[in-house]
Amino acid sequence: MKVLKSSGEVREGSFEEQEVKRAFWHTTAHMLAQAVKRLYPEARCGIGPAVDEGFYYDFEFPAAFTEQDLPALEAEMYKIAKEALPVTVEEVTEKDALRYMGERGECYKQELIRELSDTGKDRLTFYRQGEYAELCAGPHVMNTGLIRALKLTSVAGAYWRGKEENRMLTRIYGISFPDAARLDGYLTMLEEAKRRDHRRLGKELGLFAIREEGPGFPFFLPRGMVLKNILIDYWRRLHEREGYQEISTPIMLHRELWETSGHWDHYRENMYTTVIDEREFAIKPMNCPGGMLVYQMEPHSYKELPIRLGELGLVHRHEKSGQMHGLMRVRCFTQDDAHIFMTREQIPAEIGGVLRLIDEVYTKFGFSYHVELSTRPADSMGSDEDWETATQGLVSALEDLGVAYTVNEGDGAFYGPKIDFHLQDSIGRTWQCGTIQLDFQLPMRFGAEYTGADGKKECPIMIHRVVYGSIERFIGILTEHYAGKFPLWLAPVQVRVLSLSEKSEVYARQVYEKLRQAGIRCELDERNEKLGYKIRAARLMKLPYILIAGEKEEREQQIAVRRRDAEEGRQDLGSMSLPAFISMLQKEAKAPVAL
RNA sequence: GCCGAAAUAGCUCAGUCGGUAGAGCACUUCACUCGUAAUGAAGGGGUCGAGGGUUCGAGUCCCUUUUUCGGCUCCA
């Protein structure tokens, strides 16, 4: 497959190559625009790039455009493919480009052209296929006939240039391939991913629920609560090992505190407030001011530092409607927070320690993650020097440990720069989980101090950090990552005991009671149903182990064991004694933290 | 918040032109006493998200509203 660059250079490459694939999708995006202009001549084009999975194109339609209108566009695009139009590139002057777009009413394109020449872009190119031409830097594939399979997947709104104050355009998403088989494969993969959706699994497995009575406020059901508690338990052990002390601060504090911390000025829109005895209170959106107050309750010496105060803090934030997403984005969540108070000299070691801790946890769950460094935002407080020092502190910690990261300009918290850890969900969307934020502001605003070796009062530096991020979001990610098949140590229910018939009910119950006594999370299915039916039910719940207790097992004082994950192709492990099974289980679910 | 779509039994969904609200699974009862992914029969279960309107009559048409879904923006 040949790719045409804007210089006119032609390169041969395969569809599997990133550059070729993107050129392929980009050309398909142009075909979409071409089809739109054929069917809706009054529509105006925005931009239409290739993305990681396919492409999109933004349009302003004269009348409402809905998903029902997609098939007609798809048909027109197939027609354009069949026409096998050659794709060519030509250099144009700004004047010609503006005139061409002006004649066609393309005001968005004109805006782009003006902006490109204002930013000193000396070369403008048009790509042309048949009657359709547009401003584009390429590259593209060389013929529309190469696109043999395509699908327009969804319609969504998107602000022009991504800015909330701009007009909202209609964005059409799609994907294309050089053959039908690959398109089918892609669509099947999407179906698979839907099966892992934590919202679906959360319902099916009885983990959590969100109801109309509390939008964005999740309910944890018994099984989900077990999972949450296991994660908390693991977290506590780790933090004990790492020298953290755990605290708990109030969920609601007086307005003055939030004024001192700066939240009232910088975060007010997201805070819930209430009035008690005619005084205004805010429900905490973050735990830091509470942690700050704990630090200040007694005087500190440099010898005590670093002080690491951990808190599983329940925070509430008013996320705008339309932004919630299962457990991933909620209005009330538990942060596995900690605030570290330290001297300037301790910064590298402490940041390094947190980086290692986060890596240990993510590795434990088998996650791959990427790291971003977010720098000073427009709405922020503090001096330039402090921001510079703080940002430099994070950079050198990352570089000392050889962590690869990308920079996210202007995306830091209002009080300091941050390192973010992003994890992927089942369809490849990424979610920020862990974060490490360095803060010079808050200790200063609160007048926090410690006594140095020379007897002088100094202001400590503070780290805010979370590992899971939010336990809710982390559970969402975990559920999708494991597709609901939680490893034994995390599984809310580890074993289900099945009686074979009414004759084996008593024995099955005995087995169940013994497992419970051994501390194994188990359930008993003594319903009067066939074995196949009960196995199916247990399999659908994705339980790690199924035990069958029938008359034969009772005679031999054994149980028949069936496991969820086939080992060497076997799910049926045959019969064994209960003590043997229990010790096998205990070995498999061994303590998650090496202390 | 914005653009688009959706909401019917516990769950997944059907419901034609506006004319007495349905299926499968789940649940309860009965029969069967069963060996590794669904035994059979019977029964209970609905203010069709909420509020208003049009109509002799609304799950169905119109308006408002809430929630959810796909995105945008924002964020853990």
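Side chains are part of it too, since the values below use all heavy atoms of this structure and drop only hydrogens, waters and symmetry mates. The chains referred to below are lettered A, B, ... by the order of the sequence lines, with proteins before strands, and numbering in each begins at 1.
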To the nearest Å, give me how far apart CZ (R555(A)) and P (rG35(B)) are.
14 Å
Check whether any side-chain N or O of H325(A) sits under 4.0 Å from OP1 or OP2 of rC75(B), and answer yes or no.
no
When the distance from CZ of R167(A) to P of rC72(B) is rounded to whole Å, what number comes out?
19 Å
Under 3.5 Å, is there a donor-acceptor pair between the S154(A) and E67(A) side chains?
no
Whole angstrom value for the distance that separates P of rA76(B) from CG of L314(A)
16 Å
Is the H318(A) ring parallel, tilted or perpendicular to the Y272(A) ring (thresholds 30°, 60°)?
perpendicular
Assign the ring pair F61(A) / F65(A) to parallel, tilted or perpendicular, where the plane angle (0 to 90°) is split at 30° and 60°.
parallel
Counting only heavy atoms not in E42(A), do more than 12 fall under 6.0 Å of its CD?
yes
5' priority, RNA chain B, between L500(A) and K163(A) [closest heavy atom]:
L500(A)
Between the side chains of R223(A) and E523(A), is the shortest nitrogen-to-carboxylate-oxygen separation below 4.0 Å, so that they form an ion pair?
yes
When the P atoms of rC74(B) and rU16(B) are compared, how many Å lie between them, rounded to an integer?
43 Å
For R199(A) and rU12(B), what is the distance between atoms CZ and C1' respectively, to the nearest whole Å?
16 Å
Mind checking E551(A) for me? I need base, sugar-phosphate or nothing, with any heavy atom below 4.0 Å counting as a touch.
base
For atom C1', what is the distance between rG53(B) and rU60(B), given to the nearest Å?
15 Å
Can you tell me if R317(A) touches the phosphate of rC74(B), counting only side-chain N or O atoms and a distance under 4.0 Å to OP1 or OP2?
no
What's the gap between rG40(B) and rG24(B) when it is taken at their P atoms, as a whole Å value?
12 Å
Just call it for V315(A): base, sugar-phosphate, or nothing, with non-hydrogen atoms closer than 4.0 Å on any strand.
nothing
Y507(A) has an atom OH; how far is it from atom P of rG35(B), in whole Å?
19 Å
Is the distance from the ring center of F59(A) to that of Y57(A) below 6.0 Å?
yes
Which of the following nucleotides, rC32(B), rU36(B), rU68(B), is nearest to the side chain of D572(A)?
rU36(B)
Rounded to whole angstrom, note down the P distance from rU12(B) over to rA26(B).
15 Å
Picking from rA37(B), rA76(B), rG71(B), which would you name as closest to the side chain of E319(A)?
rA76(B)
Closer to the 5' end of RNA chain B via nearest nucleotide, is it R161(A) or M286(A)?
R161(A)
Using a 4.0 Å heavy-atom cut-off, does E553(A) contact any base of the nucleic acid, only the sugar-phosphate backbone, or nothing at all?
base
Can you figure out which of rU36(B), rC75(B), rU33(B) approaches the side chain of D411(A) most closely?
rC75(B)
Return the nearest nucleotide to the side chain of A156(A); candidates are rG35(B), rA76(B), rG71(B).
rG71(B)
Between rA26(B) and Y533(A), is there an OP1 or OP2 to side-chain N/O distance shorter than 4.0 Å?
yes
Could you tell me whether the phosphate oxygens of rG10(B), OP1 or OP2, come under 4.0 Å of any side-chain nitrogen or oxygen in K203(A)?
no
With a non-hydrogen cut-off below 4.0 angstrom, is D197(A) in contact with a base, only sugar-phosphate, or nothing?
nothing
What interatomic distance, in whole Å, is found between C1' of rU64(B) and the corresponding atom of rC72(B)?
25 Å
Among rA37(B), rC34(B), rU73(B), the nucleotide that comes nearest once only the side chain of Y159(A) is considered:
rU73(B)
Categorize R527(A) for me: base, sugar-phosphate, or nothing, with a 4.0 angstrom heavy-atom threshold over every strand shown.
sugar-phosphate
Is it the case that the ring center of F55(A) lies less than 6.0 angstrom away from the ring center of H26(A)?
no
Looking only at rU36(B), rU68(B), rA76(B), the nucleotide nearest the S470(A) side chain is rA76(B)
Indicate, with yes or no, if the rings of F365(A) and H481(A) have centres closer together than 6.0 Å.
no
Touch class at under 4.0 angstrom, heavy-atom based, for V155(A) against every strand present:
base
Which dot-bracket string fits RNA chain B when only Watson-Crick or G-U wobble pairs with both atom distances under 3.5 Å count, crossing pairs get [ ], and | stands for a partner on a different strand?
(((((((..((((.....[..)))).(((((.......))))).....(((((..]....))))))))))))....
Nearest whole angstrom, please: distance from the C1' of rA76(B) to the CZ of F421(A).
14 Å
At 4.0 Å (heavy atoms only), tell me whether Y173(A) reaches a base, stays on the sugar-phosphate, or touches nothing.
sugar-phosphate
Could you tell me how far rA21(B) sits from rA9(B) if I compare only their P atoms? Round to whole Å.
15 Å
Base, sugar-phosphate, or nothing: which does E67(A) touch, judged by heavy atoms less than 4.0 Å apart?
nothing
Rounded to the nearest Å, what distance is computed from the CD atom of residue E505(A) to the C1' atom of nucleotide rC34(B)?
13 Å
Contact class for M324(A) (heavy atom, under 4.0 Å): base, sugar-phosphate, or nothing?
sugar-phosphate
Please report the distance separating the P of rA41(B) from the corresponding atom of rU47(B), rounded so that it comes out in whole Å.
28 Å
Expressed as a whole number of angstroms, how long is the span from Q323(A):CD to rU68(B):C1'?
15 Å
Between K530(A) and rC32(B), is there a contact of a side-chain N or O with OP1 or OP2 at under 4.0 Å?
no
Using the C1' atom on both, measure rC69(B) against rA23(B) and round to a whole Å.
25 Å
Any N or O donor-acceptor pair under 3.5 Å from the base of rC34(B) to the side chain of N528(A)?
yes
Output field: ring centroids H266(A)/Y415(A) closer than 6.0 Å:
no
Applying a 4.0 Å non-hydrogen cut-off, can you work out what G532(A) is touching in the nucleic acid: base, sugar-phosphate, or nothing?
sugar-phosphate
Just call it for T170(A): base, sugar-phosphate, or nothing, with non-hydrogen atoms closer than 4.0 Å on any strand.
nothing
Is the aromatic ring of F333(A) within stacking range of rA76(B), meaning centres under 5.5 angstrom and planes under 30 degrees?
yes
Using a strict threshold of under 4.0 Å (side-chain N to carboxylate O), is an ion pair present between E246(A) and R236(A)?
yes
Base, sugar-phosphate, or nothing for E529(A), non-hydrogen atoms under 4.0 angstrom?
base
Assess the pair H325(A) and W431(A): is the distance between their ring centroids shorter than 6.0 Å?
yes
Less than 4.0 angstrom from a charged side-chain N to a carboxylate O is my criterion; do K284(A) and E311(A) meet it?
yes
Contact class for K194(A) vs. all strands (heavy atom < 4.0 Å): base, sugar-phosphate, or nothing?
nothing
So what does R171(A) hit on the nucleic acid, given a heavy-atom distance under 4.0 Å: a base, only sugar-phosphate, or nothing?
sugar-phosphate
